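On a predicted model such as this, the values are computed, not experimentally measured, just so you know. Proteins get letters first, then strands, A, B, ... in listed order; numbering begins at 1 in each.
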Protein chains: 2
Amino acid sequence: MASPRATLADVAQTAGVDMSTASRVLRGDVSQRVREETRARILKVAEDLAYRPNSLARGLRTARTDTLGIVVPQLDNPVFAAAIRGAEQAAAELGYSLLISHREPGTTATTIAKLSQTNRVDGLLVASLDDDEVLRSDLAAAHVPFVLMNRILPGAPLSVVLDSRAAARRGVEHLVGLGHRRVAHLSGRAQGFNAAQRLEGYREGLEAAGIAFDPVLVATAGYTAEGGARAMAELLPQRPTAVLAATLVSAAGAMSVLHAAGWRIPQDISVAGLHDAPVARLLYPSLTTVMMPTEEMGRVAASLLVRSLAGEHPDPVPPLPPGDLIPRASTGPAPG
Amino acid sequence: MASPRATLADVAQTAGVDMSTASRVLRGDVSQRVREETRARILKVAEDLAYRPNSLARGLRTARTDTLGIVVPQLDNPVFAAAIRGAEQAAAELGYSLLISHREPGTTATTIAKLSQTNRVDGLLVASLDDDEVLRSDLAAAHVPFVLMNRILPGAPLSVVLDSRAAARRGVEHLVGLGHRRVAHLSGRAQGFNAAQRLEGYREGLEAAGIAFDPVLVATAGYTAEGGARAMAELLPQRPTAVLAATLVSAAGAMSVLHAAGWRIPQDISVAGLHDAPVARLLYPSLTTVMMPTEEMGRVAASLLVRSLAGEHPDPVPPLPPGDLIPRASTGPAPG
DNA sequence: TTGAAAGCGATACCAC
DNA sequence: GTGGTATCGCTTTCAA
């Protein structure tokens, strides 16, 4: 079945050299000189035998795997999918592979443990929606360096976050610029780091426009369509003319309620969401969004991790600023 | 930094036994008897030292990793995300871990090669949108057993597919049952296996209802919103009263064109799509879909792979039958 | 019931 | 420049 894979010993023997020489050549070791002719012969033989180093043996010997693990709570979430793409790209450029691990809620500790305690990865990129305490204890068991993505954790030195505050503010500015004064906000998880940031950005945006913050225009939607719908329904009596949702999904939930209630978008109410993803254009009407550098987040996190694996102690990176606001059909001038 | 991980030798020494004995106990080897007291002592020490076997060393010795690789073209695609969940679950139950790998178009061969040729995985689950020839040559380089998901490849014995034909037929039956006679179809890739199946199911559904198949009511949409929009625009002059899209995304694209053209859904035209995913409920109006057992596909593929790793030669599995049709707001009685 | 020892396939240090 | 060889941590005969 599986053709007997050629080993380094095979290559060495066929080329008539010692294993150590073959190893030097194939590894591209430049610190030691090898005669050109010998090198060529070894490379040729390796090629002929389709030699591939056994990464287990190499890892056992070198105590490194040149592999980073990335742990995300969900795969079919554009934010994490983008972060993975970015991380993969940066890792590849830095000579690392990326091992993706998808961690069902509850499998929490297990995944981190499996990856880090069994010598499969040199370090971890971690995205998590868990509470601080849970996450902290999970990470305590990680015996490799790690970088958090999309959140902070007091005490954890390395993390890469998006500037949600600035993004929310940008969204509000857009709405205010269209003449809206009664701007509602569908916020994220009550406790979440990003939710708090977005709420703050929302307030800032209002205040910069001289509009007083009014708590009755804020409702907690979480990160589901149902939550968005519930929160929007709750806010209808307040007669907002615009609403900024913390996510695309809660925006979609909100829009379904608005449709059902007979509110026209954007004639009666404008809707904007944070983060951009293909689904924004699938919604009806297509959703105005603020782009977030999620892929960049993955890239930065990966390079931070690689640097710390190299023994550096990188400075904390500031929150990544949001991208452009993409105006689509869901926002328009304030009515009246 | 990383606390010096305890090795088997440490455990053995601390427990005052030989490595081989410790190995037998910790591996749960039942073929050899170990005195109860000794076993307890070893387990206690291992616990105290937080011993974790080094999977590299073990894999090097046993020539197995108890890990399956899964290769998908995209992560933020509900179909593949679900397949991954299913595969992960089945793998776990069978004592295997799952390594997810996301393969950008172009990185094709590389990913399969990396995973399979470097002894990281015992076998591969492969989903691919590549052409037969490309995929075939990529797989030829895989030195491990593999199972294809969501497509067939002539010559590749093990693959798990969904019964797209039956699903399309079910969708058409729903529309016909609502009185529609001019039912259009937005098909997938011109060449694809699934696209052909769905087209066939569409024809079958029509013919079973005594409606003649009319090629002018079929347009190729591919798997993007733009494709769906283009195809729908093309079909508008044919005045269909219902349309079955091959995917959720093409359905969404179609709906945007219908909205723009002023066609009311479902009053003027009904829209249904194949596959079910949360996004179906985010669309406006919410989309009627036929559920597909994508998670089950992952489960079946994983267990098939494990069986073939065990030396079995599992029979080919028939296409997995579709789930229920979920009626939502996008379909209704035929107009007139 | 337990111990001793030979590798798995690579790397890296030290000779020559 | 090239070759020898100990070693990474574990599993697995074979003895005792």
Checklist entry - If you pin B/Arg39 and A/Arg58 to their nearest nucleotides in DNA chain C, which one's is more 5'? => result B/Arg39
Checklist entry - When you match B/Ala57 and B/Gly16 each to their closest nucleotide on DNA chain C, which lands nearer the 5' end? => result B/Gly16
If I take atom [atom1] in residue [X] and atom [atom2] in nucleotide [N], what distance separates them, rounded to the nearest angstrom?
X: B/Arg64; N: D/dT11; atom1: CZ; atom2: P; answer: 12 Å
X: A/Asn54; N: D/dG9; atom1: CG; atom2: C1'; answer: 14 Å
X: B/Leu56; N: C/dT11; atom1: CG; atom2: C1'; answer: 14 Å
X: A/Arg41; N: D/dT2; atom1: CZ; atom2: P; answer: 8 Å
X: B/Glu37; N: C/dT2; atom1: CD; atom2: C1'; answer: 13 Å
X: B/Leu26; N: C/dT2; atom1: CG; atom2: P; answer: 13 Å
X: A/Leu8; N: C/dG7; atom1: CG; atom2: C1'; answer: 16 Å
X: A/Leu60; N: C/dT11; atom1: CG; atom2: P; answer: 11 Å

Item to check | 5' precedence on DNA chain D between B/Thr7 and A/Val34 (nearest-nucleotide basis) | outcome: A/Val34
Checklist outcome for this item: In terms of heavy-atom contacts, B/Pro145 and B/Leu309 come closest through CG-CD2, 3.6 Å
Next on the checklist: Between B/Arg5 and A/His143 (side chain of the first, backbone of the second, donor and acceptor by atom type, cut-off under 3.5 Å), is there such a pair?
Outcome noted: no
Checklist entry - Can a salt bridge be assigned to the pair B/Glu47 and B/Lys44 using a cut-off of 4.0 Å between side-chain N and carboxylate O? => result no
Next on the checklist: For B/Glu312, is the CD atom crowded, meaning more than 12 foreign heavy atoms sit under 6.0 Å from it?
Outcome noted: yes
Next on the checklist: Is the shortest side-chain heavy-atom distance between A/Leu135 and A/Leu148 below 4.5 Å?
Outcome noted: yes
Less than 3.5 Å apart, which donor and acceptor atoms pair up between the side chains of residues 70-81 of chain A and the rest of the protein, not counting sequence neighbours?
from: A/Gln74; atom 1: OE1; to: A/Asn77; atom 2: ND2; distance (Å): 2.9
from: A/Asn77; atom 1: OD1; to: A/Val79; atom 2: N; distance (Å): 2.9

Checklist entry - Which part of the nucleic acid, if any, lies within reach of A/Thr38 when heavy atoms closer than 4.0 Å are counted: base, sugar-phosphate only, or nothing? => result sugar-phosphate
Under 3.5 Å between N/O atoms: give me all the protein pairs with nucleotides 12-16 of chain D, atom names plus distance.
from: D/dT12; atom 1: OP2; to: B/Arg27; atom 2: NH1; distance (Å): 3.4

Next on the checklist: Applying side chain to side chain contact (heavy atoms under 4.5 Å, CB included) to B/Glu296 and B/Val160, what does each step give before you reach the verdict?
Outcome noted: CA-CA 10 Å; B/Glu296 176 72 2; B/Val160 183; over 6 Å; no
Checklist entry - Using a cut-off of less than 4.0 Å, is there contact between a side-chain N or O of A/Arg35 and OP1 or OP2 of D/dG1? => result no
